[in-house]
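What follows is one structure encoded as structure tokens, with my remarks underneath.
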Amino acid sequence: MPQLWIDGQPTESHAGRTRVIHDPATLEPVDTVPESTAADVGRAVAGAVAAQARWRRMPAVERAHLLHHVAVALRDDRATLSELLTREGGKPRIENIDEVEWCAACFDYYAEIARNAHGSSIPPVADHQVNFTIKEPLGVVACIAPFNYPLLLMTWKIAPALAAGNAVVMKPSELTPLATLRMAAVSLAHLPPGVANVVTGTGADIGDPLVDHPDIACIAFTGSTAVGTRIAGKAAARLARVNLELGGIDPCIVFDDADLDVAVPGVAWARFLNAGQVCTSAKRIYVVEKIARPFIERFAAFARTIKLGHGMNPDTDMGPLVSARALARVEQQVARAQAEGAHLLEGGRRAPEAGAGYFYAPTVLTDVTPASVVICEEVFGPIASIQVVKDADEAIQRAAKSEYGLGANIYTSNLTWAMQAMTEIKAGTFWINDPLTDNDAAPFGGMRKSGMGRELGEEGLDAFRETKHVHMDFVPEKKPYWFPYKNRAAEIPK
């Protein structure tokens, strides 16, 4: 049984409680993990506070060297990590092999940019004065990641936080903690004890104590808008920083000049990747009327070709949903959409032929209205909701009308339409002809109810640093503007 990772050592839970992790494809147990308590959170934070005081003073080049070691260890352990990710979360193994590589690349990226990102000089007020800024770490950062990309979304937090000189306490989803515990014990073990810690359990048991802990300087969270809003309120009460990547109901527009040989599989991948359990997936699909019929016919046909099965099977394209609760919610949303008038063109059912787990067939809904549940609520499942629009202007207008703003996708070669859509649609990331492609050097995050702050890029590093201005006069002397003011009486207008 894997154990918690606190102060550089595997350790048992204070209360001795455990949780069984099940394979969502077979419903069979995979392993057992400790259930942490508030006392375990306290131990982890205390260890992080002590370690951070030393870590922040380590030269950046040495921190970079250790972070590169973490990247090497991740790549060396990718066989085990990718299998754990598949068995606990359900994604096809090839997607999890990619995830491990993306994590390693992220550590390499932040190791290099943190090596040279310290501060800047400022023009002095006088010849014998020097002004400059320095970037300082915040302290201890709580990093809370969801189930859908357990390692990647955790790495997007801990790699820049560690590179900046912070210590971290990680809380993975209670559904998918195994790969994170493995990463800590094998890869993060290259770091000094206490710099990176992992506690496991539910939000109620350890999420709240972690967020509320007075020694937590920043909470980096990926998850639902409802939970993110609650965390922001708790953090505001003590003026702790937050970095929040929250829900999204992202639009995807297929303009009438799109190459359907590319757009059909591209939109299918953007919606059905990881069984639709992706924050930035194409949840609102707008197709211009001129090409709507051929697009929809070909899209439904393509959906039927997606192979469901266990992620360890190399032929599998799509695995199960993560839990019985997730499956039930998707079923309810599809039923409500149909009751509202949506037409079920494909899927709309469980897929027991794929296995005993939480499989749901790729689903295509048409005749969807702007007020439909599948347009107004985030659907975390393989449900493609298609709306036909008259022209490019209507497509952009509908796509822009949302309370959320995480990402947006379009297919077009028309530069005017692309620029108009990019300008009018609120989205932290805007993809043109290449959906869901991330870049470690490019900032990622949401607008509106999709969050605040940015991960990745230099912005992702600055999320975990504070700027200090330093003013130094190397010729100590009395200043003429000090007390007593009677010496300045002549300056006062008569």
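Fair warning: this is a prediction, and the values are worked out from it, not measured in the lab.
Without hydrogens or angle criteria, N274 side chain to G276 main chain gives no donor-acceptor distance under 3.5 Å. Under the 3.5 Å distance criterion, the side-chain polar atoms of S450 are left unmatched by any main-chain donor or acceptor of Y404. A distance-only check finds no donor-acceptor pair linking the side chain of S281 to the backbone of K283 [under 3.5 Å]. Side chain of R57 to main chain of A53: a donor-acceptor pair is present (N/O by atom type, distance under 3.5 Å, no hydrogens or angles). Listed for the E99 side chain is a donor-acceptor partner under 3.5 Å among the backbone atoms of L152. Q277 places a side-chain N or O within donor-acceptor distance of the main-chain N or O of V322, the cut-off being under 3.5 Å. With hydrogens and angles ignored, the 3.5 Å screen pairs no side-chain donor or acceptor of R43 with any backbone N or O of I6. At least one donor-acceptor pair under 3.5 Å links the side chain of T363 to the backbone N or O of A361. With E455 contributing its side chain and P443 its backbone, the two residues share no donor-acceptor pair below 3.5 Å. With hydrogens and angles disregarded, a donor-acceptor distance shorter than 3.5 Å links the side chain of T225 to the backbone of K449.
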CA sep, side-chain torsions, deciding dist, call: V45, L210, side-chain contact (heavy atoms from CB on, under 4.5 Å): CA-CA 8 Å; V45 174; L210 184 58; 4.2 Å; yes
Does F430 form a side-chain contact (heavy atoms from CB on, under 4.5 Å) with I432? I'd like the steps, not just the answer. CA-CA 7 Å; F430 192 87; I432 303 171; 3.6 Å; yes
Derivation of the side-chain contact (heavy atoms from CB on, under 4.5 Å) call for M183 and L151: CA-CA 8 Å; M183 176 174 69; L151 283 192; 3.9 Å; yes
Going through the checks in order, is the side-chain contact (heavy atoms from CB on, under 4.5 Å) test met by C279 and N148? CA-CA 9 Å; C279 298; N148 54 340; 4.2 Å; yes
Would you check, one step at a time, whether the test salt bridge (Lys or Arg N to Asp or Glu O under 4.0 Å) holds for R271 with D250? CA-CA 10 Å; R271 186 60 189 110; D250 291 4; over 6 Å; no
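Under a cut-off of 6.0 angstrom, the local environment of NZ in K234 is crowded, with over 12 non-hydrogen atoms contributed by other residues, nucleotides or ligands. Sparse packing is recorded around CE of M452, with 12 or fewer heavy atoms of other residues, nucleotides or ligands lying under 6.0 Å away. The number of heavy-atom neighbours closer than 6.0 Å to CZ of R325, taken from other residues, nucleotides and ligands shown, is 12 or below. For R19, the CZ atom counts as densely surrounded, since its 6.0 Å shell holds more than 12 non-hydrogen atoms of other residues, nucleotides or ligands.
Look at E403 and R448 and you find no salt bridge, because none of the NZ, NE, NH1 or NH2 atoms lies under 4.0 Å from a carboxylate O. With respect to R238 and D212, no salt bridge is recorded, no charged nitrogen being found less than 4.0 Å from a carboxylate O. Between E101 and R75, at least one side-chain N (NZ, or NE/NH1/NH2) sits under 4.0 Å from a carboxylate O, which counts as a salt bridge. With salt bridges taken as basic N to acidic carboxylate O contacts below 4.0 Å, one links R329 and E377. Ion pairing of D77 with R182 is present here, as a side-chain N (NZ or NE/NH1/NH2) and a carboxylate O approach within less than 4.0 Å. Salt bridge annotation for D98-R78: absent, with no cationic side-chain nitrogen under 4.0 angstrom from a carboxylate oxygen.
Among all heavy-atom pairs drawn from L81 and V100, the shortest one is CB-CG2, 3.8 Å. Across all non-hydrogen atoms, the minimal contact from L66 to P192 is CD1-CD, 4.0 Å. Contact detail for Q3 and T11: the closest heavy-atom pair is CB-O, 3.3 Å. Annotation for L436 and T280: closest pair CD2-O, 3.0 Å, computed over non-hydrogen atoms. Taking all atoms of both residues into account, the shortest heavy-atom contact from E88 to A179 is OE2-N, 3.1 Å. The two residues V195 and N166 come nearest to each other via the heavy atoms CG1-O, 4.3 Å.
Taking the centre and axis of the six-membered ring of Y149, the NZ or CZ atom of K91 falls inside the cone set by 45° and 6.0 Å.
Counting heavy atoms from C-beta outward, D205 and T202 have side chains that approach closer than 4.5 Å. Using a 4.5 Å cut-off on side-chain heavy atoms (C-beta onward), P137 and R465 make no contact. At a threshold of 4.5 Å between non-hydrogen side-chain atoms, the residues P362 and L308 count as touching. Using a 4.5 Å heavy-atom cutoff, the side chains of L162 and V168 are in contact. Using a 4.5 Å heavy-atom cutoff, the side chains of P177 and I21 are in contact. The shortest distance between side-chain heavy atoms of Q333 and I383 does not fall below 4.5 Å. The shortest distance between side-chain heavy atoms of I425 and I253 falls below 4.5 Å. Taking 4.5 Å as the limit, some side-chain heavy atom of S36 sits within range of a side-chain heavy atom of L4.
Considering W102, F107, F464, F444 as possible partners of W156, the one that fulfils the ring pair (Phe, Tyr, Trp, His ring centres under 6.0 Å) test is F444.
With sequence neighbours left out, the ring-ring contact (aromatic ring centres under 6.0 Å, His included) criterion links W55 to no other residue. With sequence neighbours left out, K468 forms a salt bridge (Lys or Arg N to Asp or Glu O under 4.0 Å) with E136.
Under 3.5 Å, the side chains of T86 and N96 contain a donor-acceptor pair of N or O atoms. The closest side-chain donor-acceptor pair between K157 and T222 falls under 3.5 angstrom. Between the side chains of H68 and E112, at least one donor N or O lies within less than 3.5 Å of an accepting N or O. For the 3.5 Å distance criterion, the side chains of R93 and S82 qualify, holding a donor opposite an acceptor.
Within the model, atoms CG of L321 and OH of Y360 stand 9.0 Å from one another, a figure rounded to the nearest 0.5 Å. For the atom pair N197 CG and L188 CG, the distance stands at 9.5 Å (nearest 0.5 Å). From M154, atom CE reaches atom NZ of K171 across 8.0 Å, with rounding to the nearest 0.5 Å. To the nearest 0.5 Å, the span separating SG on C252 from CD1 on I410 amounts to 9.0 Å. Taken to the nearest 0.5 Å, the CG atom of L246 stands 8.5 Å off from the CG atom of L406. Between the OH atom of Y109 and the OG1 atom of T155 there is a distance of 15.0 Å, given to the nearest 0.5 Å.
The aromatic rings of F380 and F147 sit perpendicular, their planes meeting at an angle over 60°, well past the 30° parallel limit.
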